[in-house]
Amino acid sequence: MAEGIRVLEEVLNAGSEIEAVILSERFGSPGRERRLLDAWLSKKVPLFQVKEKLFASVSSVQSPQGALALVRVPPLSLSHIRSSSNPLILFACGIQDPGNLGTLIRAAAAAGATLLCTAKGTVSARNPKAIRASAGAFFHLPPVENVAASDFHSYCSHRSIRLYRADACDGIVYTRADLKIACAILLGNEGSGIVPEEFAAVPAIRIPMAEGIESLNVAMAGAILLFEAKRQRRAENSSRHKAGNDDDKNTFS
C-alpha cells in the first residue's frame, strides 16, 4: 500500500504496476494532486472515490493526503538480481522497526546502493510505515527479503564481494575500510546487533562516538556508512578521470 503525495509520485516514476487507487472526495485540486490524477486516468488505473470518513478509516496515517494505491511489486530472490560492475549492498539483519528499515532503503537508494537485502526475522519492507519512511525509494530499490545467511554468504563469495559488519564497539574505523571495492555492509538488530554465529568471521567496522555514548540509531549508522562508500567511490572515480586526462596530455604533448 502506497500512501502520500511524494510516495505516489515515486510509484509513477518507478513505473510500478498500480492495481487500484482509493481517493477521498476532496482529492484532485490543482498542482501535484491534479497531475497524479491525470496520470492515473491516462494509464486507466481503476479509481475509487470514497467519503472522507471512510477514507480516514482505511488510511494508515493521522493526517491523510487523500489518496492511497495498491501497487504490485513482485517478490524478488537473489537469482533475479543482475550482476553490477562494482556492487554496493546493504544487508539488514533482524531490524524490527519499519521506520528504520524504510529510512535505510531511502539512504541506500540515495547513496547509489545496487542491492538491498533483508535477513529472515527482519520486519517486512512492504509494511506501510516502511514504505512511507522510504519516501517512495522502495519502488526504485525493492529489497530481496527473507534471505538466509548461508545464501547471502554464497552470493557474495561467488562474486568476490567483501563483507563488513557494523559494530558499535569493535572493528576498524569505517573511514579506513575499503568501501571502494565490491562490498556488502551488514546492519543488525536495534538492540542485539548482528547474531554472532551467523557472521562471526566477518570483519567489523565501527563509527567513532563521543565518550559515554553507547550507539547510534541503526538507520543513522547505515546512512553514514553508505555515504562513506559513496564518497570513497566518487574520489576513486575522480582520481581515475584525472589520471586519464594526464595520460591524454602526455600522449599529445
Side-chain angles (χ1 to χ4, degrees), residues 1-23 27 32-33 35-48 50 55 58-61 64-84 87-148 151-152 155 184-185 187 218-219 222-223 226:
M1 186 175 75
E3 183 171 6
I5 301 298
R6 169 72 179 276
V7 173
L8 292 167
E9 288 172 339
E10 292 305 320
V11 169
L12 285 173
N13 292 338
S16 300
E17 180 185 350
I18 304 172
E19 292 196 341
V21 172
I22 300 174
L23 306 170
F27 187 86
R32 295 168 72 187
E33 291 184 10
R35 287 193 290 273
L36 279 171
L37 189 56
D38 289 344
W40 294 327
L41 289 169
S42 69
K43 294 178 179 294
K44 296 181 171 54
V45 174
L47 304 177
F48 301 90
V50 299
F55 186 88
V58 297
S59 171
S60 59
V61 300
Q65 293 183 314
L68 61 85
L70 298 178
V71 186
R72 180 177 292 278
V73 182
L76 299 173
S77 69
L78 288 175
S79 62
H80 292 134
I81 304 304
R82 295 180 181 178
S83 297
S84 54
L88 172 60
I89 301 172
L90 184 68
F91 189 37
C93 309
I95 290 174
Q96 295 299 299
D97 184 270
N100 281 338
L101 183 59
T103 302
L104 282 169
I105 295 171
R106 185 178 186 179
T114 56
L115 175 62
L116 193 147
C117 298
T118 68
K120 294 179 178 179
T122 301
V123 66
S124 173
R126 296 163 187 267
N127 181 295
K129 185 178 179 181
I131 298 290
R132 292 197 306 275
S134 80
F138 169 90
F139 300 101
H140 296 280
L141 188 66
V144 180
E145 300 192 81
N146 298 312
V147 178
D151 292 339
F152 188 72
Y155 177 89
I185 298 170
L187 291 170
V218 66
L226 286 162

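For this chain, numbers begin at 1 and follow the sequence in order.
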**Fill in**
Closest non-hydrogen contact found for Gly136 with Val7 is N-CG2, 3.8 Å
**Backbone of Glu9 reached by a side-chain donor or acceptor of Arg32 within 3.5 Å** = no
**Heavy-atom pair with the smallest gap, counting every atom of Val21 and Ala69** = CG2-CB, 3.9 Å
**Message:** Donor-acceptor check, side chain of Gln96 to backbone of Gly121, threshold 3.5 angstrom: yes or no?
**Reply:** yes
**Nearest-0.5 Å distance, CD of residue Glu33 to CG of residue Asp38** = 12.0 Å
**Asked** Would a distance-only check, ignoring hydrogens and angles, find a side-chain to backbone donor-acceptor pair under 3.5 Å from Ser60 to Pro128?
**Response** no
**Request:** Would you check if the side chain of Glu10 reaches a backbone N or O of Ala135 as a donor-acceptor pair within less than 3.5 Å?
**Result:** no
**Pairwise side-chain contact, Leu101 with Pro98, heavy-atom cut-off 4.5 Å (strictly under)** = no
**Request:** Evaluate the criterion side chain to side chain contact (heavy atoms under 4.5 Å, CB included) for residue pair Trp40 and Leu8; output intermediate values, then yes/no.
**Result:** CA-CA 10 Å; Trp40 294 327; Leu8 292 167; 4.0 Å; yes
**Asked** Do you know the tightest heavy-atom contact between Ile5 and Gln65?
**Response** N-OE1, 2.7 Å
**Request:** Report yes if some heavy atom in the side chain of Val144 is under 4.5 Å from a heavy atom in the side chain of His80; otherwise report no.
**Result:** no
**Request:** State, to 0.1 Å, how close Ser124 and Ala130 come at their nearest heavy-atom pair, and which atoms those are.
**Result:** O-CB, 4.0 Å
**Message:** Would Tyr155 and Val147 count as a side chain to side chain contact (heavy atoms under 4.5 Å, CB included) here? Give the steps.
**Reply:** CA-CA 11 Å; Tyr155 177 89; Val147 178; over 6 Å; no
**Message:** Determine whether a donor-acceptor pair (N or O, by modelled atom type, separation under 3.5 Å) exists between the side chain of Thr118 and the backbone of Thr122.
**Reply:** no
**Message:** Side chains of Leu78 and Cys117, heavy atoms from C-beta outward: is any pair under 4.5 Å?
**Reply:** yes
**Message:** Measuring only between side-chain heavy atoms, which start at C-beta, is Glu145 closer than 4.5 Å to Pro75?
**Reply:** no
**Request:** Give, for atom CG of Leu115 and atom CG of Leu141, the distance between the pair rounded to the nearest 0.5 Å.
**Result:** 7.0 Å
**Expected output: side-chain Glu19 to main-chain Leu70 donor-acceptor under 3.5 Å** = no
**Item:** Lys43 vs Ile18, side chain to side chain contact (heavy atoms under 4.5 Å, CB included): CA-CA, chis, key distance, verdict
**Value:** CA-CA 9 Å; Lys43 294 178 179 294; Ile18 304 172; 5.6 Å; no
**Request:** Of all the heavy-atom pairs spanning Ala133 and Arg106, show the shortest one and how long it is.
**Result:** O-CD, 3.9 Å
**Asked** Of all heavy-atom pairs between Val73 and Pro142, which one has the smallest distance, and what is that distance?
**Response** CG1-CB, 4.1 Å
**Asked** Do Asp97 and Lys129 have side-chain heavy atoms sitting under 4.5 Å apart?
**Response** yes
**Prompt:** Is the closest side-chain heavy-atom distance between Leu47 and Phe27 below 4.5 Å?
**Reply:** no
**Request:** Working to the nearest 0.5 Å, report the span between CG of Leu104 and CD1 of Ile185.
**Result:** 10.5 Å
**Prompt:** Going by heavy atoms in the side chains, are Ile131 and Ile105 under 4.5 Å from each other?
**Reply:** no
**Prompt:** Taking atom CZ of Arg6 and atom CG of Asn13, what is their separation to the nearest 0.5 Å?
**Reply:** 9.5 Å
**Request:** Look up atom CG in Leu36 and atom CG in Leu41, then write down how far apart they are to the nearest 0.5 Å.
**Result:** 11.0 Å
